[in-house]
Amino acid sequence: MVKAIKKLFGGINLTWPRLIVSAVAAGVFTAVMAIIPIFQNTSFITITATFEVWILFGIIIIMNSKSNMDSALKCFVFFLISQPLVYLIQVPFSWQGWNLFGYYKYWFFWTVLCFPMGYIGYWMKKDKWWGYLILLPMIVMTAGSYSAYFSDFLFSRPRYILISLFCACAMIVYPLAVFDNKKIKTVGVTISMVAVAAITIYSLMNPPVYSTEIMGNGVEHQFDDSYTVYLEDKKYGEVEIRYDDGVEDYLLHADFKRAGDTTLTLVSPTGEKEEYDLHIELSTYTVTRQPSEEARK
């Protein structure tokens, strides 16, 4: 295992043809993850939005380059090919069409930065203390992803477990794979392990809550503070009827704690029940009124 990791981070003959093929493969894979609906709200879609997997690709390129300039050029070309390809492949499948390339501006900015980052990053191969300072921002960015996706995992488990594990492991593996100096590896791994533990504990002590208003009093749904409301399974969160001074009416407020499906029940003062199928996601939901008992008959 250790030998395989060391080979990946410095034992590959990274020729230009191999780099170009890898860039195309990375772009195609990312586009496919974005296109196929089954990958939405899973660990696989994260490569389309955040840096952690691309950081891995960048470090692998740097560690298998032959000079500062070779590293800079290969990092730049890899992202120059892969990133626009992600959007190009999606164009025929997206309602936005060519307007998708509006999102590429952000990634092009980072593509340009890949040239100096690749040049500077090559000095990590010198196996010096300051090499760890070059690596540290990449670990910090990965830590940020771990914090976000571990929180998403807690809300949507078991989804996002793979990307959470990837980020945690990457933070620990990078110092081991990049450096040969035992002191640097020990300090680097220790810092990463402490960071992973701190993020994990903080996230567990502060679980995510998605707060939103899911219904308003009106023609379709009529209620006031004389009504009661509850979820069939309380693990999904809490709901209550509140009066909102801004809209000067009653709203049904929810504090969701977990993704999934449950039933929301609204009870009138006379005991009449209205039941709704409620589907909860990380930052969205759908509410569908169930047919009344009379309609079912």
Side-chain angles (χ1 to χ4, degrees), residues 9 12 14-37 39-125 133-149 152 160 163 166-167 170-171 174 178 283:
F9 291 87
I12 298 173
L14 188 61
T15 61
W16 279 102
R18 287 183 176 179
L19 179 92
I20 293 170
V21 170
S22 298
V24 171
V28 171
F29 176 82
T30 304
V32 170
M33 294 302 102
I35 292 169
I36 300 179
F39 294 119
Q40 299 299 313
N41 298 312
T42 70
S43 295
F44 297 98
I45 196 67
T46 59
I47 193 173
T48 67
T50 46
F51 291 124
E52 58 287 331
V53 176
W54 299 102
I55 288 172
L56 171 64
F57 294 157
I59 294 175
I60 290 173
I61 292 170
I62 289 169
M63 296 305 295
N64 288 285
S65 296
K66 296 179 173 61
S67 68
N68 294 80
M69 186 57 68
D70 186 51
S71 174
L73 289 171
K74 284 178 177 174
C75 284
F76 176 71
V77 170
F78 178 86
F79 286 91
L80 189 64
I81 293 173
S82 61
Q83 295 306 309
L85 188 59
V86 171
Y87 297 102
L88 182 63
I89 294 172
Q90 291 183 72
V91 166
F93 303 93
S94 174
W95 64 270
Q96 296 184 74
W98 291 102
N99 290 330
L100 267 177
F101 273 88
Y103 298 107
Y104 177 57
K105 295 177 183 178
Y106 173 75
W107 289 96
F108 180 72
F109 170 77
W110 283 100
T111 297
V112 172
L113 287 181
C114 282
F115 189 89
M117 288 192 294
Y119 191 94
I120 295 170
Y122 184 80
W123 279 316
M124 292 189 297
K125 297 182 69 172
L133 297 179
I134 296 173
L135 176 66
L136 191 57
M138 291 175 263
I139 294 176
V140 170
M141 292 177 72
T142 304
S145 293
Y146 175 61
S147 178
Y149 289 127
D152 291 348
Y160 297 103
I163 192 64
F166 169 85
C167 291
M171 291 168 64
Y174 288 156
V178 171
S283 57

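This one's a predicted model, so the numbers in the text were calculated from it and none came from an experiment. Because only heavy atoms are used, hydrogens play no part in the values below, and waters and symmetry mates are left out as well, while side chains stay in.
- Nearest approach of Ile62 to Cys75, heavy atoms of both residues: CG1-SG, 3.8 Å.
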May I have the step-by-step check of side-chain contact (heavy atoms from CB on, under 4.5 Å) for Met63 and Lys125, ending in yes or no? CA-CA 7 Å; Met63 296 305 295; Lys125 297 182 69 172; 3.8 Å; yes

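- For the pair Leu14 and Ile61, the minimum side-chain heavy-atom distance is below 4.5 Å.
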Mind running side-chain contact (heavy atoms from CB on, under 4.5 Å) on Phe51 and Ser145 for me, showing each step along the way? CA-CA 8 Å; Phe51 291 124; Ser145 293; 5.6 Å; no

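- Summarising the geometry, atom OG1 belonging to Thr48 is positioned 11.0 Å from atom CD1 belonging to Ile35; distances are rounded to the nearest 0.5 Å.
- The OG atom of Ser67 sits 8.0 Å away from atom OH of Tyr119, with the distance rounded to the nearest 0.5 Å.
- Thr142 and Tyr174 share no side-chain donor-acceptor pair at under 3.5 Å.
- To the nearest 0.5 Å, the span separating CG on Asp152 from CD1 on Ile163 amounts to 10.5 Å.
- Residues Leu85 and Val24 share a closest heavy-atom pair of CD2-O, 3.6 Å.
- Between Ile36 and Phe44 the shortest side-chain heavy-atom distance does not fall below 4.5 Å.
- Panel note: side chain Ser147, backbone Ala143; no donor-acceptor pair is recorded below 3.5 Å.
- Side-chain contact between Phe115 and Met69 is present, with heavy atoms from C-beta onward closer than 4.5 Å.
- Distance check, rounded to the nearest 0.5 Å: OG of Ser71 to CH2 of Trp123 gives 10.5 Å.
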Go through Asn41 and Tyr160 one step at a time and tell me if the side-chain contact (heavy atoms from CB on, under 4.5 Å) criterion holds. CA-CA 8 Å; Asn41 298 312; Tyr160 297 103; 3.9 Å; yes

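- Rounding to the nearest 0.5 angstrom, the gap separating the CD1 atom in Ile45 from the OG1 atom in Thr30 is 9.5 Å.
- The shortest distance between side-chain heavy atoms of Trp16 and Asp70 falls below 4.5 Å.
- When all heavy atoms of Ser65 and Lys74 are compared, the closest pair comes out as OG-CD, 4.1 Å.
- Contact detail for Phe79 and Cys114: the closest heavy-atom pair is CD1-SG, 3.5 Å.
- Heavy-atom minimum distance, Thr111 versus Leu80: CG2-N, 3.7 Å.
- Here the side chains of Met117 and Trp110 are in contact, with some heavy-atom distance below 4.5 Å.
- Relative ring orientation between Trp98 and Phe101 is described as parallel, the plane-to-plane angle staying below 30° on a 0-90° scale split at 30° and 60°.
- Between Tyr87 and Trp107, the gap from one ring centroid to the other reaches at least 6.0 Å.
- Taking CD1 of Ile59 as the reference point, atom CE of Met124 lies at 5.5 Å (rounded to 0.5 Å).
- Taking the side chain as every heavy atom from C-beta outward, Thr46 and Phe166 never approach each other to under 4.5 Å.
- No donor-acceptor distance shorter than 3.5 angstrom exists from the side chain of Gln83 to the backbone of Gly27, with no hydrogens or angles considered.
- A heavy-atom distance below 4.5 Å is found between the side chains of Met138 and Leu135.
- Side-chain contact between Ser82 and Trp54 is present, with heavy atoms from C-beta onward closer than 4.5 Å.
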Audit row: Phe9, Leu56, side-chain contact (heavy atoms from CB on, under 4.5 Å) steps and yes/no: CA-CA 10 Å; Phe9 291 87; Leu56 171 64; 3.7 Å; yes

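- Looking at Thr50, its side chain never comes within 3.5 Å of a backbone N or O of Glu52 through a donor-acceptor pair.
- Minimum interatomic distance between Phe57 and Ala26 (heavy atoms only, all atoms of both residues): CE1-CB, 4.1 Å.
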